[in-house]
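Before any comments, here is the structure.
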Amino acid sequence: MSLRAEIEVRRDDFALSAELAVRPGEVLAVLGPNGAGKSTLLSALSGLLVPDRGRIELGERVWLDTERRVHVPTHRRGVGLLAQNPLLFPYLSALENVAFGPRAAGAGKVAARRTAERWLSEVDAETLAGRRPGQLSGGQAQRVALARALAADPELLLLDEPLAALDIDAAPAMRGLLHRVLQHQEHPTVLVTHDVLDAVVLADRLVVLLDGRIVEQGPTREVLARPREAFTARIAGLNLLPGTAAAGALALGDITLTGHVAEPLDEGEPAAAVFAPAAVAVHRELPGGSPRNAIPVQVTGLEPRGDVVRVRGSVGDCAPAADVTPAAVADLALAPGERVWFVVKAAEVAIHPLSGGSSGA
Amino acid sequence: MSLRAEIEVRRDDFALSAELAVRPGEVLAVLGPNGAGKSTLLSALSGLLVPDRGRIELGERVWLDTERRVHVPTHRRGVGLLAQNPLLFPYLSALENVAFGPRAAGAGKVAARRTAERWLSEVDAETLAGRRPGQLSGGQAQRVALARALAADPELLLLDEPLAALDIDAAPAMRGLLHRVLQHQEHPTVLVTHDVLDAVVLADRLVVLLDGRIVEQGPTREVLARPREAFTARIAGLNLLPGTAAAGALALGDITLTGHVAEPLDEGEPAAAVFAPAAVAVHRELPGGSPRNAIPVQVTGLEPRGDVVRVRGSVGDCAPAADVTPAAVADLALAPGERVWFVVKAAEVAIHPLSGGSSGA
Amino acid sequence: MPGALWLPALLGLALIVLPVAGLFLRVDPARLPALLTSPAALDALELSVRTGLISTALSLVLGGPLALVLARSGLRGMRVVRGLVLLPLVLPPVVGGLALLYLLGRTGLLGQALDVFGVRLPYTTAAVVLAQTFVAMPFLVVGLEGALRTAGARYEQVAATLGAGPWLAFRRVTVPLMLPALGSSLVLAFARALGEFGATITFAGSLQGTTRTLPLAIYTTAQSDVDAAVAMSLLLVVVALLVIVVARPRAVEGQS
Amino acid sequence: MPGALWLPALLGLALIVLPVAGLFLRVDPARLPALLTSPAALDALELSVRTGLISTALSLVLGGPLALVLARSGLRGMRVVRGLVLLPLVLPPVVGGLALLYLLGRTGLLGQALDVFGVRLPYTTAAVVLAQTFVAMPFLVVGLEGALRTAGARYEQVAATLGAGPWLAFRRVTVPLMLPALGSSLVLAFARALGEFGATITFAGSLQGTTRTLPLAIYTTAQSDVDAAVAMSLLLVVVALLVIVVARPRAVEGQS
Amino acid sequence: GSEQQRTLTVLAAASLTESFDELGQRFSADHPGVRVTFDYQGSSTLAEQVNQGRAADVFASADTRNMDRAAANLNGAAQPFATNRLAIAVPKGNPKGIRSLADLTAPDRVVVVCAPQVPCGSASEQVEKAAGVQLAPASEEDDVKSVLQKVAAGEADAGLVYVTDARSAADKVDAIEFPEAQQAVNTYPIAALKSAPEPELAAQFLEYVRGPVGREVLGARGFAAP
Ligand SMILES: Nc1ncnc2c1ncn2[C@@H]1O[C@H](COP(=O)(O)OP(=O)(O)OP(=O)(O)O)[C@@H](O)[C@H]1O
Ligand SMILES: Nc1ncnc2c1ncn2[C@@H]1O[C@H](COP(=O)(O)OP(=O)(O)OP(=O)(O)O)[C@@H](O)[C@H]1O
Ligand code: MOO
Ligand SMILES: [Mg+2]
Ligand SMILES: [Mg+2]
């Protein structure tokens, strides 16, 4: 059964207007900045919030149709929601919390208990079975909440940042668990996340929500490989510089960037140059020699990233990044405010058309 | 004023026993898996939880001394705690929430408001000033809570995962903010985090908590560069294979790994080989030629990580990782269960002594 | 908690405890055993406990759902209904008894109809229960409704996302969440039912063994012997304290 | 909310509303204006509202801190104190009045001491206020304490980590958090004070303009003219509903 | 033998409590297998209850007015069985040395009376008029027992109560009789009720109360014959 939804929610100074379709077995990742409306979207899908206008269908069943005044209440939707706040029932043990869904679905006490035990051990929390939520740490509570949502075996699974608060071991483990679970189910799933890794590992398709509107949508890797929005590019870890197309190149004010053009581009058409920070070299002076793309930037920040340092620069409205070694930072005496050159080989730059006039990063 | 603490907390099946010292202006990062006792530690430092035994001093002032029955209540400690749950006062606007600390410190209405406005704009939430917490998204609430904690300008700042729930733009921005704030203050700070990046960027020193005990401690980069615990190694993004020292090498069962030995090692002493996943090449067949370290592993998982794929292997109790390109994954037809060789050049391997008998990864 | 608040708190406690303590200091211990084991006292005690428990149960069965409707229905006009529920509290109990009498008495609106089936309520033990329920139920409703609003519907929503229908959510979420509030509300209602006097004497009369509950017996005794009446009050107080302090299940008090 | 719960809810509402409605249907509208504007009725109304407000305020000032102590002090023995606070609820009000009389009356323990200073409480309006406070305060204490325990100390702890001392945390955290519960508890206390009869007549007597509150006036009137008394009850009910439904500030109801 | 047991239900004015309790016991003793239960309340409340269809055998009121209100539900005419008159009740030993109604008007005297709406209150008004004094009471109570109780507790220097009430509390109050009391003699009527489940017993009880035993018991409590 696939999910088709068209939702409009209006609040004082925020409006959500989204249209989505998720096929059976498919996982749709929703990414977007804080306050973009991700949680609001899940609330509407789950029926906890009644949109001002819209239509939601799962397979043949119409869950919502504001025009025909149809509104199926949450518990009849067979929807499972893992909200941003775990909200474990405080008077039940972890095990009883997880058994709640199976019990609600009609399972006997013993069967529900067994199911709950299985899920608890899946999230690596079997030793916490007897604890009350008040006795769990933040990450432990999050894992139990995840187990509870999964144990209910809903027909539409809605996950709001399921891997938040998890430690460095638990996060990959839970991600792996979700991967296994989601891969083998026939129901659609909507997954809200801030971590592109979750989207990459878990989702088939990806939606980027900005300010209540869907600005990008498509197969995960495709959207990430060819981001059209600066936000998308940033989550993809790629630099995206928007400008206008020129023959085999991109004009960015008075800078021209050459690169590999994926699709035919008309001159003057809006387009973007996309490249990885790792492909960027930083120079104090404009280097001579073989033709290269060189962008004059002002350094705005330095962020260690594991074994490299990410140097953030600013040029016009854009903030491209370069990953360099700590040694290079020291050699170049890089510091915020310094003016340097970001140099990137043409072979590393992809130039994509941009739909609509999206603004700079 | 520096913080010196020695704390023992016992619960049913959990015990925390930690001793720490944080110098004025220093930031101490606390890392550790879920349920390790990080939040418990902060509760004890803030005075919300009275340890069973212990002593806490900030500068000359004794906050806690269970032997002499001294217990200074939280509000007299001048301590600021950003807890894992934002817990904004629900009946106050975002601005009033942030102004609470300055007001408590005796600032006038107008002055407190100005301070609050400044901090709200620091966390990029000035537009949310008038909102009630119920009208904020998860990430927005987190930012307001951070502003509230900082605006109180405490003498000891305790932050429990301050960057959780933040989006890809907000997290670096808040990290930058914290960096600026923490760098210029003379008070000690204790920062709990799951993200090693936070520790690297923000902390001078690092403590690793495992199961209620401090297992590693030292200057951040030093600890991360020379992890003695598998957990530390994993958060550092490095592989750590524990074994016993042999001349210029490490014996790991019947495998011998050669590498750079940082400190003199006695033969037979417990030691570990540490190397980056990026330094690992994956081969189907054991490659011939110049001497290399080759470890036979079984593939247990594949995780896309931005533009590379992290291949997790298992050998004995250890789970080393290799980062390879997606193309390589396809070429080698890597899949869980396959048996392959992890090959790493001796120059990339560092061999460190291990304190005590820490177990495998 | 500001320490200075202990002063008014102790004053408040004194205002309640001192008069009652003073009252009982007047009781002649020598007369106590005889007074407390007289058939009149024992009959009244038994009747009071029995009717008090029944009307508390009735308050729960009717008032619990009413509280839920007030807190959760979200209908307009609930403000007014909430006010109506408080009426029995405002009305002097005697007027409440009159109201019950006029409704359910032989000439009353409903009483006439009941009479056709041979059911006559006034002056029966059932009338005592009704009178007590009338005055006690508002306590339960107000107490529970407040707690329901404070708790909000969050956990019920979580239950819905786990597939729990309204009944299941009610049984397994609302009820357990409300246990502490339910406990204190039930105690309030039971205490009020136990102490009920005016509505009972007006609607149910005062016949030993049938309708003369402990407060009524105390009143009647006071007509001739105030000190004996005070001694009987002691019985009432002891029963109430037993219920409140000892019998009240710990579980119901919530996690502290 | 399970739909089936509407049935008992409506039954419960009917049990409260029908008798009261039936009562008022008996009132002869022609006599109403004269009855309600009689000096006796107006004096009583004025006295009731005045004393009711004062004793509600007193209940707040003494009972609020008491509730806080019960909920937050964490001392042992609070179980028993909590039981003691409920005593005025269990005691038939007349016995409560006696208790006050024996403590504060001319021959009473404290009364004798007060007499030395020329202070005599019985038969004064102050006695009415004391009697009403005695019976009304427990409502406030129980209602507030329940809400305090439900809310827990989390937010007060947050305030402490922001440097707020006990007073500031009390004023800026506890009080605003408790506003909804405070609202309903105050209404309960006011309603109970307004309806108070037995303790007042026993401790304060019944004199028009000084101590004869509306319930006392109603009772006295009922001795000779039941219908007139019922009409006066209408006055009481209207005042109570006004306070509860209209005057009760919206803010106090909490965010729904 | 509960099978044979019959129960007679008597509704009686509160001021009859002690007398009727004793009468009831003696009636039971004279009529084996008969139990008498009493409901003592204010006469007006009882009259109202009778009119609302309360099933009982006998109604004894403290005044004719309330008996008249219940006229429609009486089985036969009400018959007087006792009279009562007011007295001044003062705390034991009469500390303020009160001798007459006029002594009650002294400014510092705390005097308590019944409200005019209840029988003892209207009687008080009549005697005041007869004595030509105007009392300034501290409180107007709803029943005699409340007045008595305030005097007994020492909260009032004096109160106007029935002789019978004063006598029942003889260990706490002294009764001071005064001549004007004769101007407001109160008659107690008794009647069987139409709704009586035990009309036969009701008739017997009426006889008993009005007969020699009744007179003896009532007389001992201070009631006079009608
Ligand atoms: N009850 C409310 N009233 C008014 N505005 C609200 C309310 N709840 C949320 N909002 C606003 O709606 C917008 C969308 O909120 P939502 O919670 O859906 O964001 P989100 O995408 O989930 O963000 P986050 O990543 O921080 O969780 C935000 O701007 C938020 O401030
Ligand atoms: N009230 C309690 N009673 C008993 N055990 C508790 C209680 N609170 C926490 N614990 C346990 O104490 C341990 C430490 O908890 P703590 O919250 O300090 O962990 P943490 O390091 O902050 O974890 P996380 O990263 O998940 O937030 C955990 O095992 C937890 O289950
Ligand atoms: O015996 Mo009465 O009716 O209280 O005056
Ligand atoms: Mg959200
Ligand atoms: Mg924690």
Side-chain angles (χ1 to χ4, degrees), chain C residues 1-2 5 8-9 11-13 16-20 22-23 26 61-63 65-66 68-69 72 79-80 83-92 94-95 99-100 102-103 109 137 142 146-147 149-150 166-167 170 181 184 188 191-192 194-195 197 215 218 233 236-237 240-241 244-245 254, chain D residues 1-2 5 8-9 11-13 16-20 22-23 26 61-63 65-66 68-69 72 79-80 83-92 95 99-100 102-103 109 137 142 146-147 149-150 166-167 170 181 184 188 191-192 194-195 197 215 218-219 233 236-237 240-241 244-245 254:
Chain C
M1 206 192 66
L5 290 184
L11 260 176
L13 192 62
I16 289 175
V17 172
L18 282 189
V20 180
L23 192 65
R26 293 176 68 100
V61 171
L62 302 180
L66 187 51
L68 210 62
V69 165
R72 293 279 190 270
R79 260 172 108 73
V80 176
L84 289 178
V85 168
L86 292 175
L87 281 182
L89 239 94
V90 185
L91 280 182
V94 173
V95 177
L100 285 169
Y102 290 154
L103 183 73
L109 226 69
M137 191 166 59
V142 173
R149 295 171 140 249
T150 306
W167 265 112
F170 172 71
S184 60
L188 272 184
R192 182 65 186 88
L194 211 57
F197 168 73
I218 291 169
S233 311
L236 192 63
V237 165
L241 279 183
I244 295 166
V245 181
Chain D
M1 205 191 69
L5 289 183
L11 260 175
L13 192 62
I16 289 175
V17 172
L18 280 188
V20 180
L23 193 64
R26 292 176 67 101
V61 170
L62 302 180
L66 187 50
L68 210 62
V69 165
R72 293 275 191 271
R79 260 174 109 71
V80 176
L84 289 178
V85 168
L86 292 175
L87 282 181
L89 239 94
V90 185
L91 281 181
V95 177
L100 286 171
Y102 289 155
L103 183 72
L109 225 68
M137 191 166 59
V142 173
R149 296 172 137 246
T150 306
W167 265 112
F170 172 71
S184 61
L188 273 184
R192 181 67 187 87
L194 212 58
F197 168 74
I218 291 170
Y219 188 75
S233 311
L236 192 62
V237 165
L241 280 183
I244 297 166
V245 181

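Only a predicted model underlies this, so the values are computations on that prediction, with no experimental measurement involved. Chain naming here is simple, since letters A, B, ... match the order of the sequence lines and numbering starts at 1 in each. These numbers come from the heavy atoms of this one structure, side chains and all, not from hydrogens, waters or symmetry mates.
Distance CD1/D:I16 to CG/C:L89: 9.5 Å, rounded to 0.5 Å. One distance of note links CZ of C:R26 with CG of D:L103; it measures 11.0 Å at 0.5 Å rounding.
Interface remark: D:I218 contributes side-chain atoms only to the contact with chain C (heavy atom separation under 4.5 Å). At a 4.5 Å heavy-atom cutoff, the contact between C:L84 and chain D is made by backbone and side-chain atoms alike. For D:V69, the parts lying under 4.5 angstrom from a heavy atom of chain C are both the backbone and the side chain. In this structure, chain D has a heavy atom under 4.5 Å from the side chain of C:V142, while its backbone stays farther away.
At least one side-chain heavy atom of C:L236 sits less than 4.5 Å from a side-chain heavy atom of D:P92. At least one side-chain heavy atom of D:W167 sits less than 4.5 Å from a side-chain heavy atom of C:L5.
Nearest heavy atoms, D:G12 versus C:L62: CA-CB, 3.7 Å. Residues D:P8 and C:V61 share a closest heavy-atom pair of CB-O, 3.4 Å. Minimum heavy-atom separation, C:A99 to D:V20: CB-N, 4.2 Å.
For C:Y102, the side chain to side chain donor-acceptor pair (under 3.5 Å) test picks out E:E48, with sequence neighbours left out. Shown here are the side-chain contact (heavy atoms from CB on, under 4.5 Å) partners of D:L13, two or more places apart in sequence or in another chain: C:L66, C:V81, C:V85, D:V17.
Chain C forms the most heavy-atom pairs under 4.5 Å with one residue out of D:G22, D:P88, D:A191, and that residue is D:A191. Residue with the most contacts toward chain C among D:L100, D:L87, D:L109: D:L87 (heavy-atom pairs, distance under 4.5 Å). Annotation: maximal heavy-atom pairing with chain C below 4.5 Å, among D:A9, D:G63, D:G195, occurs at D:A9.
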